[in-house]
K.L.:
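Have a look at this one.
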Amino acid sequence: MSSPLPVGKFYGRGGHRPKLGVCGDDSPGVVPFPCKSILSDPDTVRKVFTKQDDLLNYTRGKKLTPFVFESKDDGRRFFMASDPRVFWHYDTQRQPQHRHTYEVIREYANCKLYFDLEFDALLNPDKDGVRMVRIFVGVVMYFLKKIFGVECGESDVLNLDSTTSGKFSRHLIFLLPDAVFRDNYNVGNFVKFVCEKITNLAYLKIVDSKGRENLFCDTAVYSKNRHFRLYKSTKYNKTASLELAADNKFNRAESELEVFLCSLITYTEGCEGFRVLEFGNAPGNPKLGAVSRNPVHREPSPFPQIDRFVANLVLPGHIYRSSYFPTRDTIVYDIVGNRFCGNVGRQHKSNNIKYVFDLSRAVYCQKCHDPDCSDYKSEDLAIPAELIVDRGDGAGVTGERGVASDQSRSLQRFPSFGLTDSEILGAYNSLDYEKNDFYYHHRQ
Ligand SMILES: [Zn+2]
């Protein structure tokens, strides 16, 4: 797949003035013309509705995108089903200040990964929004790689800006090279997971209008049939339109139309055959409950000899996953299939246990996911001496792979994303292993 973008000439050479309907702008000086090449296609009808339900019923099973637009007179919302190229053709003929247009991110539609980032600039005078976005994009790319194995770069991220003097506001749309999300519920689960992981990353936190501290990522935009503002559009009674950000690095769109198509969350033409990413327990993942009981993701720690030791230790259970925390030189092993907990002296019925290996002190202990055992920690036991090898700095453990193990360890590190040690300290501390009741999986 070279490019997910349809490329071509969508604009004809003129012709009769079309009926613009409710969406049109009758302003003098605007001479609309139809785009013949696509208007001849039966899929390129556009139809206006006053009720969203009618719109969604109409677009079901059709290659049409559901749009919303606000009347320039009173802000009332109307709905339109259209091929997005046709929509763009007419929308661009409206006066910029009258373009109050949105995409309906319809429930269960495959979609891109998208974010709404914002904060009140007056309440957060010390915040550099551009730097925050750059750091946040790095964090998201880290988790895309870690969880789905999906690699992307800043040039895959469409960065739209609607900042005013009072409010920093961005939309980010990730055009992953070979993957889309199942739907925006799955996107929302992933985003909330990432936000939970970095909730202590102080630099990305802002004060909201109610005086609360929050991340600057709005996690409310993944709801059912969400309206998401379009490129070049303003909110009713506002003047700031969504434009390409000065620091946008997305480089796959060669025209305004292509930017528009790329910015549409549910427009995935050209993504046929892509992986469909799922995350967490979403209404669209009916089988997830069954899947989540199986170990679906295992990652060896940088210390294979300790992994083997733990594997033997927990028989007949096994390691569900391991997480290495470089700042504490600690590995946490989540165990399934063996729930024996030293706190209760028996197997738990439903909650799993974990082992924590502190390499700096060469000891390990058992801890537990049962809420009643949340404060429990077994006595420290010595990590067997044969697993502990001088690693050159006079202390601790090294992998069998010698130098290679140091390299693999550095790859396991939560990257700094350009933050200082003190700025990232909280994130390290919050980067605990995944909650036991929150599994993820992906399928090809
Ligand atoms: Zn327990």
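Along the sequence shown, the residues carry numbers beginning at 1. Counting starts at 1 for both ligands and their atoms, in listed order. No experiment lies behind these values; they were computed from the predicted model shown.
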K.L.:
Report yes or no: does Lys167 contribute a side-chain atom to a donor-acceptor pair with the main-chain N or O of Leu122 at less than 3.5 Å?
P.N.:
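No, Lys167 side chain to Leu122 backbone: no donor-acceptor pair under 3.5 Å.
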K.L.:
Asp54: what forms a side chain to side chain contact (heavy atoms under 4.5 Å, CB included) with it, not counting sequence neighbours?
P.N.:
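If we apply the side chain to side chain contact (heavy atoms under 4.5 Å, CB included) test to Asp54, skipping adjacent residues, the hits are Phe49, Lys51.
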K.L.:
Indicate yes or no: at least one non-hydrogen side-chain atom of Leu244 is less than 4.5 angstrom from one of Val259.
P.N.:
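When only atoms from C-beta onward are counted, Val259 and Leu244 do touch, with a gap below 4.5 Å.
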K.L.:
Taking only protein atoms, how many N, O or S atoms are found under 2.8 Å from the Zn ion (ligand 1)?
P.N.:
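Number of qualifying protein atoms: 4.
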K.L.:
Would Asp370 and Asn351 count as having a side-chain donor-acceptor pair, cut-off 3.5 Å?
P.N.:
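Yes, because at least one side-chain N or O of Asp370 sits under 3.5 Å from a partner of the opposite role on Asn351.
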K.L.:
When you measure from the side chain of Arg229 to the backbone of Ser233, do you find a donor-acceptor pair of N or O atoms at a distance under 3.5 Å?
P.N.:
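Present.
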K.L.:
Classify the ring geometry of Phe309 against Tyr364: parallel below 30°, tilted from 30° to 60°, perpendicular beyond 60°.
P.N.:
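Perpendicular.
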